[in-house]
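Note that the coordinates shown come from a computational prediction; the quantities given were computed from them, not determined experimentally. Every heavy atom of this structure was used, including side-chain atoms; hydrogens, water molecules and symmetry mates were not.
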Amino acid sequence: MATSQLEFRAMTEAGRPIPDVTAFGPDFTFSFDDWINSPDGIGTVPAQSHGRKVAIIGAGISGIVSAYELMKLGLRPVVYESGQFGGRLRSQQFEGSSTAIAELGGMRFPISSTAFYRYVDKLGIETRPFPNPLTTAAGSTVIDLAGETLYAETIDDLPPLFREVGDAYNRALEDHAQFGALQAAIKNRDAALVKELWNPIVREWDDRSFYDFIASSDAFKKLSFRHREVFGQVGFGTGGWDSDFPNSMLEILRVNLLRLDDDQRFMVGGVEQVPRGLWTRAPRNLMHWPKGTTLEKLHGGSTLPGVVKVHREGTDGQFVITDRWGRSEKYDAIISTCQSWLMTTSMDFEERLLSQRMWMALDRTRYMQSSKTFVMVDRPFWRDRDPKTGREVMSVTLTDRMTRGTYLFENGPNEPAVICLTYSWMSDALKMEPLSVEKRVELALDSLRKIYPDVDIAKHIVGNPITVSWESDENFLGAFKGALPGHYRYNHRMYGHFVQSEMPAEQRGLFLAGDGISWTPAWVEGAVQTALNAVWGVMNHMGGQSPKSNPGPGDAYAEHGPIDLGY
């Protein structure tokens, strides 16, 4: 059940979301939101390090959070971007409207993303419940499977089969993952208990897929194949999850445990406001730089162009970055937040800067495809009621047809509204990849016409449609990481790379961040947390440290970090 705006505001303390479960663990049991919100600050660097330059590769949320926090420490972040500012927090405004926005990347943000919401609250961005299926914000939901169309305003309006599927999944989580006990430990931030419960699950489930978990569970064994099929098409929370069936079950368990699929909200005016807001915000308690300094001012108004070459002078000398126009600059440290494959494809990255095992992990990272197509309409006509049935004429829709997920966004009864005609992943996204935006709209409307034969969606469309296929963007090559069974060790290497005391000198000073490095891919909280890891790494590399009263992630890593499965 989504949280109302009043309920959400009532849950805040000094602007901080306080959900039932926060993104605490389960792999690294560290409170990132508490660290960045401490009145003692996250740390300092020696005065002689003030003004030293740190290169940031990528201007997505991970890169901008890194740059923002490094600037506060008195360092000089320099951000490079080869494509569009904001990364996959990309909000595109429809022509002719100031309120109709297509969220091409991240669009729904669970309140358990507590570190991310620290920045949202700093910027004063308004949020509202996301219109997920079977939520109050959606109003109504239509599920169309195997030619049968069902209308529902609550789960009780659906046939028993759907509740049976949901109950079976909940039982499977409890039977095979001690789900209730783990969630309670995470809620209470009981680090020792979280690790005691979680580490054996990692050992048991690293080599097993999401589908294996479903098919082999006692709860689903008692049900039919149809139940598993419906689970794949409709899923839990936000919709169908069959695209994730090949993925490691550990990845899905993290989503469930941290309630990343629950109580989601969208950013009024677009989520791209967050990285852009941090870019122009003058933080308080700024070290070294004069009052009023912003990232925008440090950069003279814009980021630098894309990186084509990275190398290092000597064993532990400065890093040298060359941009696409041939300009080279020297840096004392680097944070790379780009898609991991780009470090071996679009950049000449000196190989000795990372271990061969790390290159293996980065190149073996598997990315999932994703496609969305949006149209602007004259008004939220779906709120009209059919005089014969009393139902809303159109609903948030989950289907096995090409559109898969259709979402409806409104700004007022007479204001232009937005329909995400189709949101699909993997093979369903690849079906769209070679098609023009016009063809994508035609196919989506044709599918929806079969579900809503009496609704003329096209007559309400105004302006030009907007679409995206993340796998066709040369700067992304996919939407987000989807770890496969057996990938835990790769993720462990990438995530823990920010702790560098045991590394050879030539490998120190280069840090990795982004949701592809995190344990929770596709979720902005993972991008923010790995950015903060990298900030601690740079601070430590520059001779700085966190205060004893507020130890940082690197200080806690040995005790609270992920279990090592060995090699």
Side-chain angles (χ1 to χ4, degrees), residues 16-44 61-62 65-66 69-70 73 110-119 182-199 201-202 250-251 253-255 257-260 335 488 491-502 511-521 523-541 544-564:
R16 175 192 173 204
I18 310 176
D20 291 338
V21 177
T22 63
F24 176 80
D27 298 278
F28 182 26
T29 49
F30 179 78
S31 300
F32 285 91
D33 53 334
D34 288 339
W35 187 53
I36 59 175
N37 202 51
S38 170
D40 296 332
I42 66 170
T44 57
I61 187 63
S62 196
V65 164
S66 299
E69 295 294 344
L70 291 175
L73 291 172
I111 60 174
S112 62
S113 301
T114 46
F116 170 68
Y117 273 101
R118 292 287 189 190
Y119 297 102
L182 253 173
Q183 259 200 342
I186 290 171
K187 176 182 178 180
N188 295 327
R189 302 201 181 195
D190 186 336
L193 183 55
V194 170
K195 301 301 290 181
E196 178 185 336
L197 295 171
W198 176 250
N199 288 353
I201 292 172
V202 172
L250 294 178
E251 205 146 271
L253 277 175
R254 295 182 185 105
V255 171
L257 285 169
L258 303 179
R259 290 188 58 174
L260 297 176
I335 299 178
Y488 176 88
N491 214 150
H492 191 187
R493 289 177 210 167
M494 295 187 296
Y495 185 88
H497 180 259
F498 76 101
V499 181
Q500 300 190 350
S501 59
E502 302 300 320
F511 301 90
L512 308 174
D515 71 287
I517 301 300
S518 82
W519 295 106
T520 52
W523 301 100
V524 70
E525 181 72 4
V528 171
Q529 290 189 6
T530 53
L532 296 173
N533 284 343
V535 167
W536 182 92
V538 170
M539 178 174 62
N540 184 262
H541 182 69
Q545 61 183 358
S546 293
K548 292 183 179 180
S549 58
N550 187 36
D555 304 310
Y557 198 74
E559 181 179 359
H560 297 289
I563 183 175
D564 188 349

Least distance between heavy atoms, Leu257 atom then Gln183 atom: O-NE2, 3.3 Å
Please lay out, stage by stage, how Tyr119 and Tyr117 fare under the test ring pair (Phe, Tyr, Trp, His ring centres under 6.0 Å). CA-CA 5 Å; Tyr119 297 102; Tyr117 273 101; over 10 Å; no
Pro553 and Phe28: which non-hydrogen atoms are nearest, and at how many Å? O-CZ, 3.3 Å
Between the CZ atom in Phe32 and the CZ atom in Arg118, the distance rounded to the nearest 0.5 Å is 13.5 Å
Leu182 side chain reached by Leu193 side chain, heavy atoms, under 4.5 Å: no
NZ of Lys195 to CG of Asp190, rounded to nearest 0.5 Å, is 12.5 Å
Considering residues, nucleotides and ligands other than Gln500, do more than 12 of their heavy atoms fall under 6.0 Å from its CD? yes
Give the C-alpha distance, both sets of side-chain angles, the deciding distance and a yes or no for salt bridge (charged side-chain N to carboxylate O under 4.0 Å, His left out) between Lys548 and Asp555. CA-CA 9 Å; Lys548 292 183 179 180; Asp555 304 310; over 6 Å; no
Shortest non-hydrogen contact from Val499 to Gly554? CG2-CA, 4.3 Å
Could you check if a side-chain atom of Thr520 sits within less than 4.5 angstrom of a side-chain atom of Gln529, using non-hydrogen atoms only? no
Output yes when a side-chain donor or acceptor of Ser31 lies under 3.5 Å from a complementary backbone atom of Asp33, and no otherwise. no
Counting C-beta onward and ignoring hydrogens, is there a side-chain heavy-atom pair between Arg259 and Pro110 closer than 4.5 Å? no
His560/Phe30 under side chain to side chain contact (heavy atoms under 4.5 Å, CB included): CA gap, chis, key distance, verdict: CA-CA 7 Å; His560 297 289; Phe30 179 78; 5.5 Å; no
Are the aromatic rings of Tyr557 and Phe498 close, with centres under 6.0 Å apart? yes
Taking every heavy atom of Thr114 against every heavy atom of Arg189, the minimum-distance pair comes out as OG1-NH2, 4.4 Å
Can you give me the closest heavy-atom contact between Ile36 and Ala115, atom names plus distance? CD1-O, 4.0 Å
Any heavy-atom pair between the side chains of Trp536 and Trp35 that's under 4.5 Å? yes
Do Trp519 and Tyr495 have ring centres separated by under 6.0 Å? yes
Can you tell me how far the CG atom of Asn533 sits from the CG atom of Leu512, to the nearest 0.5 Å? 11.0 Å
Does some side-chain heavy atom of Asp515 sit less than 4.5 Å from a side-chain heavy atom of Ser62? no
To the nearest 0.5 angstrom, please state how far the CZ atom of Arg493 sits from the CG atom of Asp564. 10.0 Å
Flag the pair Asp27 / Tyr488 as yes when at least one side-chain heavy-atom distance between them is below 4.5 Å, and no otherwise. yes
Do the side chains of Val535 and Leu73 get nearer than 4.5 Å, heavy atoms only? yes
On a heavy-atom basis, the closest approach of Ser113 and Leu260 is OG-CD2, 4.2 Å
Roughly how far apart are Leu258 CG and Ser112 OG, rounded to 0.5 Å? 6.0 Å
Find out whether Ile563 and Trp198 are in side-chain contact, i.e. whether some heavy atom of one side chain is under 4.5 Å from a heavy atom of the other. no
Out of Asn491, Val524, Val528, Thr530, which one pairs with Ser518 under the side chain to side chain contact (heavy atoms under 4.5 Å, CB included) rule? Thr530
